[in-house]
Protein chains: 2
Amino acid sequence: MSHPKTITVDEAVVNCCSPIGVGALSELEAGDMAQIFGALSDPARLRMLSLIASEDEVCSCALEEPLGKSQPTISHHTRILAEAGLITGEKRGRWMWWRVVPERLKVVARILSE
Amino acid sequence: MSHPKTITVDEAVVNCCSPIGVGALSELEAGDMAQIFGALSDPARLRMLSLIASEDEVCSCALEEPLGKSQPTISHHTRILAEAGLITGEKRGRWMWWRVVPERLKVVARILSE
DNA sequence: TCATACTATTGACAACAGTCAATGTATTCA
DNA sequence: TGAATACATTGACTGTTGTCAATAGTATGA
């Protein structure tokens with residue numbers, strides 16, 4: 001989960017989500033948060049995320065076998081994690097390389113730890 | 001989200017869930033985590049949780065109106081949050097009183113912040 | 001005991017999500 | 001240019017989920 005390269009993180013990725021224990025959530029904010037947690041609510045995606053987080057960078061092609069899912073399914077899941085801002089991908093040559101966005105994980109952790 | 005009363009928390013609630021960035025998750029662990037995140041993946045439940053977390057204790061009857069959902073739907077959602085270990089309920093008289101389980105929220109936060 | 005009030009359960013339905021085979025797109029290399 | 005490779009998209013199918021009306025359960029108070 002270390003991060004040698006400096007990558008720019010979209011502001012919206014970090015400027016998000018007030019903690020849960022301080023006043024009622026707006027419907028809008030609740031919807032945004034629900035999208036993030038929804039991305040984390042599938043076992044395959046959680047294992048995928050943990051695989052990516054354990055390396056510095058992981059190729060899509062390296063996920064198929066350990067997860068035991070078809071290529072389209074892998075593609076589907078990476079997309080959902082990416083749309084939630086939890087991972088980010090870069091295409092280099094034929095390969096798609098994924099890495100986690102630690103800032104985003106911290107945002108989510110902060111939601112819950114007050 | 002403060003907690004005047006001492007409540008005993010089931011061990012399994014706290015002894016759970018290794019961080020995401022350290023080695024691949026087992027299928028079993030991924031399933032457990034997915035259940036928790038699944039409970040957090042609905043806007044109504046997130047607003048519900050934030051309402052409960054903002055008070056010390058909240059009656060089921062006090063959730064219907066702010067969430068704009070029917071009584072059976074409220075009951076459905078409290079059950080899912082409770083099964084995920086995120087809230088705990090106590091029946092007193094005719095009323096069901098809910099409070100958050102801060103230890104559980106911290107567990108989830110720890111999954112992501114390592 | 002009867003009526004009232006709060007919650008849980010059941011059943012039904014529409015919307016959504018996970019999965020894969022088939023196909024399309026883009027990149028590399030001969 | 002053509003073949004091979006990695007990934008994305010589409011379409012179809014199945015299973016799950018959010019929702020509520022209707023009903024059942026349980027506690028209170030007259």
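Chain letters run A, B, ... following the sequence lines, proteins first and then strands; every chain starts at 1. Predicted model, so just to flag it, every value in this text is computed and none were measured.
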Nearest non-hydrogen partners of [X] and [Y], listed with the distance:
X: Ser54(B); Y: Ala24(A); value: OG-N, 4.1 Å
X: Arg110(A); Y: Pro19(A); value: O-CB, 4.2 Å
X: Ser50(B); Y: Gly23(A); value: OG-O, 3.7 Å
X: Leu46(A); Y: Ile20(B); value: CD2-CD1, 3.9 Å
X: Ala84(B); Y: Ala39(B); value: CB-CB, 3.6 Å

Using whole Å, report how far [atom1] of [X] lies from [atom2] of [N].
X: Trp97(A); N: dA6(D); atom1: CH2; atom2: C1'; result: 12 Å
X: Glu90(B); N: dT7(C); atom1: CD; atom2: P; result: 14 Å
X: Leu46(B); N: dG18(D); atom1: CG; atom2: P; result: 11 Å
X: Arg47(A); N: dG18(C); atom1: CZ; atom2: P; result: 15 Å
X: Trp98(A); N: dA8(D); atom1: CH2; atom2: C1'; result: 10 Å
X: Met48(B); N: dG18(D); atom1: CE; atom2: C1'; result: 12 Å

Restricting to pairs with a member in residues 31-46 of chain A, which pass salt bridge (Lys or Arg N to Asp or Glu O under 4.0 Å), not counting sequence neighbours?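 Salt bridge (Lys or Arg N to Asp or Glu O under 4.0 Å) check on residues 31-46 of chain A returns no pairs.
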Residue pairs, two or more places apart or on separate chains, that pass disulfide bond (SG atoms under 2.5 Å apart) and touch residues 55-112 of chain A: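 Counting only pairs at least two positions apart or across chains, the disulfide bond (SG atoms under 2.5 Å apart) contacts touching residues 55-112 of chain A are Cys59(A)-Cys61(A).
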Once side chain to side chain donor-acceptor pair (under 3.5 Å) is applied, do any residues pair with [X], and if so which ones, sequence neighbours excluded?
X: Ser26(B); result: none
X: Trp97(A); result: none
X: Ser60(A); result: Trp98(A)

Name each donor-acceptor pair under 3.5 Å that joins a side chain in residues 63-72 of chain A to protein atoms two or more places apart or in another chain, with its distance.
residue  : atom : partner  : partner atom : Å
Ser70(A) : OG   : Thr73(A) : N            : 3.4
Ser70(A) : OG   : Thr73(A) : OG1          : 3.0

Please list each protein N or O that sits under 3.5 Å from an N or O in nucleotides 25-30 of chain C, with the distance.
none

For DNA chain C, the residues among residues 63-77 of chain A that have a non-hydrogen atom under 4.0 Å from it: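 Those residues are Lys69(A), Ser70(A), Pro72(A), Thr73(A), His76(A), His77(A).
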Stretch residues 38-45 of chain A: residues that reach within less than 4.0 Å of DNA chain C through a heavy atom: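 When residues 38-45 of chain A is checked for heavy atoms under 4.0 Å from DNA chain C, the hits, listed by number, are Asp42(A), Arg45(A).
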Please list, chain by chain and in numerical order, all residues satisfying salt bridge (charged side-chain N to carboxylate O under 4.0 Å, His left out) with Arg79(A), sequence neighbours excluded.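 Scan of Arg79(A) (salt bridge (charged side-chain N to carboxylate O under 4.0 Å, His left out), adjacent residues dropped) gives Glu83(A).
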Could you go through nucleotides 12-16 of chain D and list every protein N or O atom that sits under 3.5 Å from one of its N or O atoms, giving the distance for each pair?
none

Cys17(A): which residues meet the side chain to side chain contact (heavy atoms under 4.5 Å, CB included) condition with it, sequence neighbours left out?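 With neighbours one apart ignored, the set is Met33(A), Ile36(A), Val107(A), Ile111(A).
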